[in-house]
Q: 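Sending over a structure as structure tokens; questions will come in a sec.
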There are 2 protein chains.
Amino acid sequence: MHNNPVPAQTWSIAELAAEYDVTLRTIRFYEDRGLLTPERRGTVRVYHSRDKVRLGLILRGKRLGFSLDEIATIVDMYDAEPGEEGQLVYLLDQITHRRADLEQRRRDIDETLQELAEVEARCHSDLNSLRGRTAPTHERR
Amino acid sequence: MHNNPVPAQTWSIAELAAEYDVTLRTIRFYEDRGLLTPERRGTVRVYHSRDKVRLGLILRGKRLGFSLDEIATIVDMYDAEPGEEGQLVYLLDQITHRRADLEQRRRDIDETLQELAEVEARCHSDLNSLRGRTAPTHERR
DNA sequence: TCTGTGCTTGACGCTTACGTAAACGTAAAG
DNA sequence: CTTTACGTTTACGTAAGCGTCAAGCACAGA
């Protein structure tokens, strides 16, 4: 057996920025908002895998349209320590809310996808008409 | 047969605001951004079912986290006239992009829901431990 | 006629989520 | 030693999406 088998990889701010395709400004801004807490070596930021994971979660939250405040509560849930009963109950409550939110979003997405499919079908039909295959007999809203 | 069987219902701005739970300011703002184009009777806005539907689509887009500009392109797709071939091809292209976007979102949502379920399971387990049922034997990240 | 009630158009304010310099530190390379 | 690369803080700028007055019109009822 040996200690310290893996030197526990770290990243510079530029490396993280490149990997996730965001600017340095963005990463520093997230830190300012308390979403990231990189180590400091002197004045320089050093990011560990924990920070990297959190950045990934933050960006996924952004893709979902959450505000940074909402993202903060979500991401912090993942890292939450067991704590006392009140904390846990609160956390479960948060989870319930988040889940309801996300399921509403999924319904919205599914509806939108369905309607896009209809618009697409109309387009193809119209294209066929234009190319002289047949007259447009379908109903328009 | 008779003409004008239904007087074609209309709504005031306040009625729409109440129904969708938004402010008058918001509805006017959407008009300012070209998302709504209500009829004018004198100086007063009169909303027809078309406007009402569009407002619903706009708010759904908002729930999905789209910007108003993106929402504009989406909503306008629903109302698009057949037009020439170039237009149709462009529309189909837009649809492709939107669909890719939405499917990415759905993946993000599903991942998040899964992870929330894990956090929830941890919470319940921790609660049981606190209540003295059993010791927490599960792994923490 | 006075008082609401509901609508209108500005116009300024505010928050979020960064962009964009400016000015400086540090360490390696030429 | 100077340049270059990479990092830092401070701070002002900006676009989106409204909130929030302010001031005024139009019509209905007491």
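Sequence lines set the chain letters: A, B, ... in the order given, protein chains first and strands last, and positions in each chain run from 1. Atom set for the values below is all heavy atoms of this structure, side chains included, hydrogens, waters and symmetry mates excluded.
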Q: Go along nucleotides 6-22 of chain D 5' to 3' and tag each nucleotide: B for a protein heavy atom under 4.0 Å from its base, S when only backbone or sugar atoms are that close, - otherwise.
A: -SBB-B-----BBBB--
Q: With the side chain counted from C-beta on, respond yes when E19(B) and L55(B) share a heavy-atom pair under 4.5 Å apart, and no when they do not.
A: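 No - every pair of side-chain heavy atoms lies 4.5 Å or more apart.
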Q: How far apart are the closest heavy atoms of I58(A) and I71(A), and which atoms are they?
A: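 Shortest heavy-atom contact: O-CD1, 3.5 Å.
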Q: If you measure only the distance, is there a donor-acceptor pair under 3.5 Å linking the side chains of Q104(A) and D108(A)?
A: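 Per modelled atom types, Q104(A) and D108(A) side chains form a pair under 3.5 Å.
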Q: Find out whether the Lys NZ or Arg CZ of R105(A) is both under 6.0 angstrom from the six-membered ring centre of F66(A) and within 45° of the ring's axis.
A: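 Geometry flag: set, cation within 6.0 Å and 45°.
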Q: Within this structure, what is the CD-to-C1' distance between E31(B) and dC7(C), rounded to whole angstrom?
A: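 The answer, rounded to whole Å, is 13 Å.
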Q: Can you measure R41(B) atom CZ to dT8(C) atom C1' for me and round it to whole angstrom units?
A: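 The distance from CZ of R41(B) to C1' of dT8(C) comes to 17 Å, rounded to the nearest Å.
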Q: Which whole-number value in Å describes the distance from D32(B) CG to dT8(C) C1'?
A: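 Rounded to whole Å, this separation is 14 Å.
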Q: Just wondering, do Q9(B) and S49(B) contact through their side chains at under 4.5 Å, heavy atoms?
A: no
